[in-house]
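Below: the structure, in structure tokens.
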Amino acid sequence: MPSYDYRCNSCQRRVVLTYKTYRDYDAATPVCPRCQSTDLTRIIGRVAVAKSDASRMDKLADEGAMDDLADADPATLGRYMRQMGEEVGEDLGDEFHEVVNRLERGESPEDIESSMPNLGADAGGMVDDSGGLMGDDVM
Ligand SMILES: [Zn+2]
């Protein structure tokens, strides 16, 4: 099932919403489970990577860097994703590079996702439950 990270702008908590299908996600208005606010910002900073690297990504997340990205502009997000890719030390695929390049040009994550329909479109390609930016070719 697809799930998405959000930052609640009301209570400032990070929340994860899970949907049965991507169709549900498209149709749904995200609601904070804690305060019922609908003022949520999608967090896309955490990119799904191969399972073997999940612990390293968790380490990065534990350092708090991910949380800072909730309010980051696309260029900052792109730079951070590029750093993560280098940290992983593997080729993360053409889609990853395209997303990074477009972020660095200042395109919003939403625009990139909507123009790249294959991104995260297949739940089978998601290697963790955090984002779905990456597709099958990550593995
Ligand atoms: Zn809230």
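Partner Arg82 forms a side chain to side chain contact (heavy atoms under 4.5 Å, CB included) with one of Leu92, Val99, Asn101 and no other, that one being Asn101.
Contact record, Tyr19 with Ala28: CE2-CB, 3.4 Å, taken as the closest heavy-atom pair. Asn9 and Leu40 get closest at one heavy-atom pair: ND2-C, 4.1 Å. When all heavy atoms of Val15 and Cys32 are compared, the closest pair comes out as CG1-SG, 4.1 Å. Across every non-hydrogen atom of Pro109 and Leu103, the tightest pair is CG-CD2, 3.9 Å.
Side-chain contact between Cys8 and Cys35: present, with at least one pair of heavy atoms (C-beta onward) separated by less than 4.5 Å. Annotation: side chain of Tyr6 is not in contact with side chain of Ile43 (no heavy-atom distance under 4.5 Å). The shortest side-chain heavy-atom distance between Tyr80 and Thr76 does not fall under the 4.5 Å cut-off.
Take Arg102 and apply the salt bridge (charged side-chain N to carboxylate O under 4.0 Å, His left out) test, not counting sequence neighbours, and it matches Glu98, Glu107.
For residues 19-40, there are no salt bridge (charged side-chain N to carboxylate O under 4.0 Å, His left out) pairs, not counting sequence neighbours.
The aromatic rings of Tyr4 and Tyr22 lie perpendicular to each other, with more than 60° between the two planes, well past the 30° mark.
One distance of note links CD1 of Ile112 with CZ of Arg105; it measures 8.5 Å at 0.5 Å rounding.
Between Asp5 and Arg42 there is no salt bridge, since none of the side-chain N atoms of the basic residue sits less than 4.0 Å from a carboxylate O of the acidic one.
Glu86 contributes no side-chain N or O that, together with a main-chain N or O of Gln83, makes up a donor-acceptor pair within less than 3.5 Å.
Hydrophobic clustering (ILVMFWY, side-chain heavy atoms < 4.5 Å, transitive): Leu17 and Tyr25 are in one cluster.
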